[in-house]
Amino acid sequence: MRIYNTHQRKALIEFLQSNSSKAFTIEEIVNSMGGNEISQSTAYRLMTKLVEDGLVHRSVKGNSRSFVYQYISESKCEGHLHMKCTDCGKVYHLDSSTTSRIQEDIKSNSSFEIDNHTILLGKCSLCK
Ligand SMILES: [Zn+2]
Ligand SMILES: [Zn+2]
């Protein structure tokens, strides 16, 4: 069974894009979109696809079993590293100058090249 609702997919992407600095659970997304715009099961199914397509990053929220989702564009995020908070699951974009500084530092110290898809784990200022 493959129901593809392009309208809901578009609405979902638009919502995530305009809130790309935050990470949401499916429930929060459905509620924030008005509650009747999209059903939880549809949102879940569409989100799984968006994660596969590399448009959305999925992480586990703290020690819970729930996932949070955040819009991350692979193409826009090519040139920099990311930091992920292990508590809230939110992903932060490191600017490209800091990224190249870190990469240069590591390279000159250990001749190891870290790739741009590396995600640094830690705690964000909100969760510290
Ligand atoms: Zn990024
Ligand atoms: Zn956090």
Side-chain angles (χ1 to χ4, degrees):
M1 188 177 73
R2 190 185 170 86
I3 304 164
Y4 220 88
N5 194 319
T6 43
H7 169 72
Q8 284 175 321
R9 185 178 188 271
K10 199 164 160 271
L12 192 60
I13 293 172
E14 273 168 12
F15 172 79
L16 291 165
Q17 271 178 335
S18 50
N19 295 283
S20 63
S21 63
K22 296 183 197 132
F24 301 94
T25 63
I26 290 286
E27 215 174 344
E28 284 164 350
I29 292 166
V30 171
N31 290 337
S32 304
M33 286 174 75
N36 48 15
E37 171 82 27
I38 191 165
S39 74
Q40 277 213 31
S41 57
T42 305
Y44 199 84
R45 198 170 54 229
L46 289 171
M47 203 61 97
T48 307
K49 188 77 178 69
L50 294 177
V51 171
E52 281 171 16
D53 293 346
L55 285 169
V56 172
H57 183 85
R58 185 178 74 176
S59 24
V60 183
K61 191 178 183 181
N63 295 321
S64 71
R65 282 187 177 188
S66 53
F67 289 113
V68 286
Y69 300 84
Q70 186 177 354
Y71 182 82
I72 303 278
S73 171
E74 288 262 296
S75 52
K76 283 193 194 130
C77 287
E78 267 303 308
H80 57 258
L81 297 173
H82 294 92
M83 302 168 288
K84 183 159 97 177
C85 175
T86 50
D87 266 19
C88 64
K90 197 168 141 181
V91 175
Y92 293 85
H93 308 260
L94 209 60
D95 64 73
S96 50
S97 62
T98 312
T99 296
S100 44
R101 218 158 51 227
I102 291 172
Q103 286 175 322
E104 288 304 314
D105 262 15
I106 292 174
K107 202 173 158 188
S108 63
N109 279 310
S110 59
S111 70
F112 188 87
E113 281 185 42
I114 52 170
D115 69 50
N116 280 343
H117 300 287
T118 306
I119 294 180
L120 307 166
L121 299 177
K123 274 192 178 44
C124 75
S125 57
L126 303 169
C127 297
K128 260 193 300 213

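Remember, it's 1-based here, ligands and their atoms both numbered in the order they're listed. Please read all numbers here as calculations on a predicted model, not as lab measurements.
- Here Ile106 contributes atom CD1 and Ile114 contributes atom CD1; the two are 3.5 Å apart, rounded to the nearest 0.5 Å.
- Note on His93: its N/O/S atom closest to the Zn ion (ligand 1) is ND1.
- Closest approach between the Zn ion (ligand 1) and any N/O/S atom of His80 involves NE2.
- For the pair SG of Cys77 and NE2 of His82, the angle at the Zn ion (ligand 1) is about 100°; rounding is to 10 degrees.
- Ring geometry, Phe24 versus Phe15: the interplanar angle falls from 30° to 60°, so the pair is classed tilted.
- Of the possible donor and acceptor atoms, none in the side chain of Thr25 sits under 3.5 Å from a partner among the backbone N and O of Val68.
- Separation of atoms CG (Leu16) and CG (Leu55) is listed at 9.5 Å; rounding is to 0.5 Å.
- Vertex the Zn ion (ligand 2); arms to Cys127 SG and Cys85 SG; angle rounded to 10 degrees, 110°.
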